[in-house]
Amino acid sequence: MLGSVASGFAAQGMTASAHSIGYKTEVSMQPISKDQVCTNLRAVEINVAFAEPPTIYIASEIPVGSCRYNSTLAHERQHVSFATEASETVVVDLQNGLGDLLASRLPLTSANAGEAQQLSLQMVKDAVEPVAARHMAGERLKNLAIDSQASYEALSAECPGE
């Protein structure tokens with residue numbers, strides 16, 4: 001539904017998207033003593049994706065195929081593009097720097113195999129989350145930039161009389 005007109009414009013569309021980051025680690029362990037294990041990462045798998053496919057909503061009052069519909073759809077597709085770009089840049093940054101960062105924190109020592117697996121997974125998460133957060137913050141700023149009153153007024157001006 002169209003949003004209420006406030007300050008001369010109304011919301012015409014919305015995009016729903018959420019990022020998902022999954023982690024999987026494979027470790028190698030060597031006993032150090034009766035109560036300690038030395039652990040290294042053998043493999044790390046990080047999956048950066050959408051939790052669900054992005055969904056674009058356009059107010060039902062806007063006729064499909066109209067100038068307003070196409071203009072709103074193009075605007076909402078920009079939001080999807082920003083989300084896709086954020087995910088892609090997270091992956092690139094991780095490919096370029098994660099190996100060195102993790103290598104600087106290894107090997108780990110722990111009391112047992114279970115703790116070793118937990119510590120290695122937490123180490124990976126602690127390395128990935130700031131990178132992801134930085135790119136998601138950049139995405140949010142881009143979204144805010146195109147969701148300003150000025151951008152909505154420009155969008156409305158594309159289809160005078162509709």
Side-chain angles (χ1 to χ4, degrees), residues 1-27 41-106 108 117-162:
M1 294 174 47
L2 283 171
S4 63
V5 176
S7 305
F9 66 96
Q12 300 170 50
M14 181 183 87
T15 298
S17 67
H19 299 279
S20 171
I21 301 178
Y23 307 89
K24 183 178 177 183
T25 59
E26 186 179 319
V27 297
L41 288 170
R42 221 183 294 165
V44 175
E45 183 179 315
I46 301 166
N47 185 4
V48 180
F50 288 112
E52 295 180 3
T55 304
I56 293 174
Y57 298 95
I58 298 177
S60 59
E61 297 91 342
I62 301 174
V64 175
S66 67
C67 176
R68 171 92 49 221
Y69 183 93
N70 293 334
S71 180
T72 302
L73 181 60
H75 172 89
E76 297 305 325
R77 284 182 173 159
Q78 282 185 288
H79 290 297
V80 174
S81 174
F82 296 155
T84 301
E85 180 185 328
S87 289
E88 290 170 352
T89 55
V90 167
V91 170
V92 169
D93 275 6
L94 293 175
Q95 287 172 334
N96 290 334
L98 186 62
D100 290 341
L101 179 62
L102 294 176
S104 71
R105 298 178 180 183
L106 292 167
L108 300 171
Q117 188 65 38
Q118 275 185 324
L119 288 174
S120 65
L121 186 59
Q122 190 60 52
M123 180 182 62
V124 171
K125 285 181 179 181
D126 290 346
V128 170
E129 286 175 1
V131 174
R134 183 175 67 246
H135 290 289
M136 301 313 147
E139 174 193 352
R140 186 174 187 284
L141 290 175
K142 289 179 181 180
N143 284 327
L144 288 172
I146 67 167
D147 282 344
S148 66
Q149 182 171 345
S151 69
Y152 285 143
E153 289 170 354
L155 186 66
S156 294
E158 291 178 16
C159 303
E162 282 191 30

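The first residue in the sequence is number 1, and the count goes up from there.
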Non-hydrogen atoms of [X] and [Y] that approach each other most closely:
{"X": "Ala132", "Y": "Ile21", "result": "CB-CD1, 3.4 Å"}
{"X": "Leu41", "Y": "Ser120", "result": "CD2-CB, 3.6 Å"}
{"X": "Pro54", "Y": "Ser17", "result": "CB-CB, 4.0 Å"}

If you define the side chain from C-beta out and look only at heavy atoms, does anything of [X] sit under 4.5 Å from [Y]?
{"X": "Ile46", "Y": "Leu98", "result": "yes"}
{"X": "Thr25", "Y": "Met123", "result": "no"}
{"X": "Glu158", "Y": "Asn70", "result": "no"}

**OP:** With rounding to the nearest 0.5 Å, note down the distance linking NZ in Lys24 to CG in Leu121.
**Re:** 12.0 Å

Subject >> Reported CZ-to-OG1 distance for the pair Arg134 and Thr89, which is rounded to 0.5 angstrom >> reply: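 Reported to 0.5 Å precision, the distance equals 8.5 Å.
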
**OP:** Keeping to residues at least two apart or across chains, list the salt bridge (Lys or Arg N to Asp or Glu O under 4.0 Å) pairs with something in residues 137-146.
**Re:**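 Residue pairs with at least one partner in residues 137-146: Glu85-Lys142.
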
Original post:
Excluding sequence neighbours, so at least two apart, what forms ring-ring contact (aromatic ring centres under 6.0 Å, His included) with Phe50?
Top reply: His19

**OP:** Return the set of residues passing ring-ring contact (aromatic ring centres under 6.0 Å, His included) with His79 (not counting sequence neighbours), or none when no residue passes.
**Re:** His75

**OP:** Could I get the full list of side-chain hydrogen bond (donor to acceptor under 3.5 Å, both in side chains) partners for Gln78, not counting sequence neighbours?
**Re:**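 In terms of side-chain hydrogen bond (donor to acceptor under 3.5 Å, both in side chains), with neighbours along the sequence ignored, Gln78 is linked to no residue.
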
Original post:
Is the number of heavy atoms from other residues, nucleotides or ligands within 6.0 Å of CZ (Arg77) greater than 12?
Top reply: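 No.
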
Original post:
Between the side chain of Ser151 and the main-chain N/O of Ile146, is any donor-acceptor distance below 3.5 Å?
Top reply: yes

Original post:
With distance as the sole test, does Glu26 use its side chain to make a donor-acceptor pair with the main-chain N or O of Arg42 at under 3.5 Å?
Top reply: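 No.
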
Original post:
Listed by chain and number, what are the side-chain contact (heavy atoms from CB on, under 4.5 Å) partners of Leu101, not counting sequence neighbours?
Top reply: Ser104, Arg105, Ala127

Subject >> Listed partners of Val91 passing side-chain contact (heavy atoms from CB on, under 4.5 Å), at least two apart >> reply: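 Val91 satisfies side-chain contact (heavy atoms from CB on, under 4.5 Å) with Val48, Gln95 once adjacent residues are dropped.
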
